[in-house]
Amino acid sequence: MLDKIKSPEIREIMNDPNLTHQDRIRKLMKIRDDARAEQRMASESPSVDDDGLNSKLRDVEMLLDKLGETPAVEEGKGANTL
């Protein structure tokens, strides 16, 4: 599964034996939040390129799901949704 993940940052999080389950979820959620913020910025500015952002977001969401965290359930409950 991890061999299909392009982001070295995400692979490092998943392979780090010193991270607990919750640490991995917390770090992946931070990456997800940052990627979503970049998507919002890109949708408002034609000069921002995707640069693999969509695949990174998809990878993070897939891994969060595998870890038992379903971020989509919480979407739509805050002011910062897309």
Side-chain angles (χ1 to χ4, degrees):
M1 171 178 69
L2 290 179
D3 56 325
K4 295 180 182 179
I5 305 296
K6 293 180 183 176
S7 168
E9 179 184 17
I10 295 171
R11 279 196 314 271
E12 183 178 314
I13 290 168
M14 295 307 293
N15 288 324
D16 188 340
N18 297 314
L19 292 177
T20 66
H21 184 80
Q22 285 305 117
D23 289 339
R24 283 189 181 93
I25 289 173
R26 183 179 45 79
K27 288 178 176 278
L28 290 172
M29 290 294 282
K30 171 74 170 110
I31 292 171
R32 180 183 173 273
D33 291 345
D34 291 347
R36 287 182 56 79
E38 286 182 52
Q39 273 189 333
R40 280 191 297 279
M41 187 173 63
S43 70
E44 296 169 1
S45 172
S47 64
V48 178
D49 193 14
D50 177 271
D51 279 342
L53 187 59
N54 288 327
S55 65
K56 186 175 188 177
L57 186 57
R58 184 183 62 247
D59 289 346
V60 167
E61 289 182 341
M62 176 200 56
L63 290 170
L64 284 168
D65 188 54
K66 295 269 185 207
L67 291 171
E69 186 71 19
T70 330
V73 171
E74 295 300 315
E75 284 187 16
K77 293 184 180 179
N80 63 345
T81 58
L82 282 175

A.B. asks: Locate the shortest heavy-atom distance separating L67 from H21; write the atom from each residue and the value.
C.D. replies: O-NE2, 2.9 Å

A.B. asks: Might you point out which heavy atoms bring M14 and R24 nearest each other, and give the distance in Å?
C.D. replies: O-NE, 3.4 Å

A.B. asks: Rounded to the nearest 0.5 Å, what's the gap from NZ on K30 to CZ on R32? Could you check?
C.D. replies: 13.0 Å

A.B. asks: For E12, what residues pass the salt bridge (charged side-chain N to carboxylate O under 4.0 Å, His left out) criterion, not counting sequence neighbours?
C.D. replies: none

A.B. asks: For the atom pair NZ (K27) and CD1 (I10), what is the distance rounded to the nearest 0.5 Å?
C.D. replies: 12.5 Å

A.B. asks: So, for D59 and K4, which heavy atoms are closest and what is the spacing to 0.1 Å?
C.D. replies: OD2-O, 4.4 Å

A.B. asks: Sequence neighbours left out, what passes side chain to side chain contact (heavy atoms under 4.5 Å, CB included) with D33? Give chain and number order.
C.D. replies: none

A.B. asks: Quick check for you: to the nearest 0.5 Å, what is the distance between M29 atom CE and D34 atom CG?
C.D. replies: 11.5 Å

A.B. asks: Are K56 and E9 within salt-bridge range, i.e. N to O under 4.0 Å?
C.D. replies: yes

A.B. asks: Which residues pass the salt bridge (charged side-chain N to carboxylate O under 4.0 Å, His left out) test with D23, sequence neighbours left out?
C.D. replies: R26

A.B. asks: Quick check: do I13 and L63 have side-chain heavy atoms less than 4.5 Å from each other?
C.D. replies: no

A.B. asks: Going by side chain to side chain contact (heavy atoms under 4.5 Å, CB included), name the residues that satisfy it together with N18, two or more places apart in sequence or in a different chain.
C.D. replies: D16

